[in-house]
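Order of appearance sets the numbers: ligands from 1, and atoms from 1 within every ligand.
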Amino acid sequence: MDFDLHPDEITFEQEVVAFLEANRSPEVMDSNPEHLSQTVETPAKRAFMRKLAEQGWLGMSWPKKYGGQERSGIYDFLLTEALSRFGAPQPGKGVGIVGKTIIRHGNEELKEYFLPRIIRGEIEFAIGYSEPQAGSDAASMQLKAVHDDARGGWVLNGHKIWTTSAHFADWYWVGARTSEHKHKGITLFLIPMNHTGFEIHPTYTIGDERTNEVFFNDVFVPDSHVVGQVGEGWTYICEALDLERFAMLPVGPVEMKLKGLIEYVREATLDGEPLAKDPVVRKTIAKLCADLEVARKLQRKVISEALKDRVPTTEAAMYKMWQSQLGQRIANAALDLIGPDAALKPDQPEAPVNGRYERSYRYTVVDTIGGGTSEVQKNIIARRALGLPKNF
Ligand SMILES: Cc1cc2nc3c(=O)[nH]c(=O)nc-3n(C[C@H](O)[C@H](O)[C@H](O)COP(=O)(O)OP(=O)(O)OC[C@H]3O[C@@H](n4cnc5c(N)ncnc54)[C@H](O)[C@@H]3O)c2cc1C
């Protein structure tokens, strides 16, 4: 088994790193890149995304007929990882979720409109699956879509929650109920976010991130903006969730968090003694390093399955659970090793490591929830990898 990159892949990685060094900017990159930036909210971040597009780095693995280069998916992975180490925004939603699903299932009109715009880095998406009574069990969604034969489209009414990016995205990728059948009654729609029928309210998380509640008041969507077949939305959502769990989850932020903690431990002292000499500290750090290596290997397994053109469902579930829980273990360890001052916030002058781990501690709570909770990942592993019976 060879875990090393091919020389062409190493050259590409170096090119990306050189580009990121040359384009370093606090407006675009988070100086504590332990926090993964999915949002492309500001004009500076949008301009950065267009620069990535100009390099030909968006949709590299897409078919040539849709503007891609048919390069191996490993290049998308190398790009995502490098961006995450610099705290730069990720192109995952458009390229990895919406674009790939449209390529597989979308009609010609959707392909013609969306694919070139995604590849040029021009549009941002918000993803709408969750509702007040439909989170882990997303197939219980109740947002209602009723067909209007006279107008040739659907009228949507109801309520979504946790729609990150709804306050600045251009398009909404939404699952809605088109019949009573639980799974075969869900259809996917693409709707312009500036539709007058939307009402958007902010929700702030423990990690200071903004997400949103979205109310739908007679939102009309033409038939042409149904993604794939009516009633097949749940299949596409499941595929897209598998893609999300690895397309949008690089190991870089966890790696940088641990790197920062190791640097702190090397320099810090406790009661006049170097912290690095303390056997408990050394043991904790060594264990976290081994855990990080496990995360890298799980991620390589996901990528290797995806490169065989398989949707890596159980591998992605294992990786998502491990990666997000490891982030929490590192933040926990940092608070223990740094001591009471670790609870100082980033804007407080005495805060050790600029308050990075206080923020991490809060932010990593969210990581084990978004994209499917750890319990849901365990259910996927139990059912699909081990063949154990369903528990709900
Ligand atoms: C910051 C953030 C951003 C998000 N962004 C988006 C977004 O952009 N678009 C979107 O559609 N959604 C988004 N979500 C929603 C996210 O996918 C859901 O929060 C998640 O799926 C969990 O659903 P829930 O919050 O309703 O919790 P629930 O499903 O109510 O779960 C509550 C608890 O019960 C456990 N549980 C539930 N079912 C089972 C089971 N069968 N077996 C064992 N345990 C179970 C869960 O693990 C959890 O601990 C976001 C969430 C957060 C926190």
Report task. Determine, using the 4.5 Å side-chain heavy-atom cutoff (strictly less than), whether I102 and V174 are members of one ILVMFWY cluster. Result ->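 They do not share one cluster, since no chain of ILVMFWY contacts under 4.5 Å joins I102 to V174.
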Does an N or O anywhere in [X] fall below 3.5 Å from an N or O of ligand 1?
X	value
D137	no
T205	no
T373	yes
T211	no

**Report entry** Derivation and outcome, side chain to side chain donor-acceptor pair (under 3.5 Å), residues W154 and D148
**Finding:** CA-CA 6 Å; W154 297 80; D148 181 335; over 6 Å; no
Out of [options], who is nearest to [atom] when you count heavy atoms only?
atom	options	result
atom 21 (O) of ligand 1	A166, A382, G135, S140	G135
atom 31 (O) of ligand 1	G371, S136, S374	S136
atom 2 (C) of ligand 1	D367, V366, I206	V366

Report task. Please state which part of N379 comes within less than 4.0 Å of ligand 1, counting heavy atoms only: side chain, backbone, both or neither. Result ->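 Side chain only.
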Query raised in the report: With distance as the sole criterion, is a donor-acceptor pair present between the side chains of E81 and Q299 under 3.5 Å?
Result: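 Yes.
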Query raised in the report: Do H105 and E239 get their side chains close enough for a donor-acceptor pair, meaning under 3.5 Å?
Result: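 Distance-only check passes for H105 and E239.
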Those atoms of ligand 1 less than 4.0 Å from some heavy atom in [X]:
X	result
E209	1 (C)
E375	43 (C), 44 (N), 46 (C), 47 (O), 49 (O)
I127	7 (C), 8 (O), 9 (N), 10 (C), 11 (O)

Query raised in the report: What are the two closest heavy atoms between P116 and Y113, and how far apart are they?
Result: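 Closest approach of P116 to Y113, heavy atoms only: CD-O, 3.8 Å.
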Query raised in the report: Among F216, F220, W171, which residue meets the ring pair (Phe, Tyr, Trp, His ring centres under 6.0 Å) test with F198?
Result: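 That would be F216; it is the only one of F216, F220, W171 passing the ring pair (Phe, Tyr, Trp, His ring centres under 6.0 Å) with F198.
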Query raised in the report: Got a sec: does the CD of Q69 have more than 12 other heavy atoms crowding it under 6.0 Å?
Result: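 More than 12 heavy atoms, drawn from other residues, nucleotides or ligands, come within 6.0 Å of this atom.
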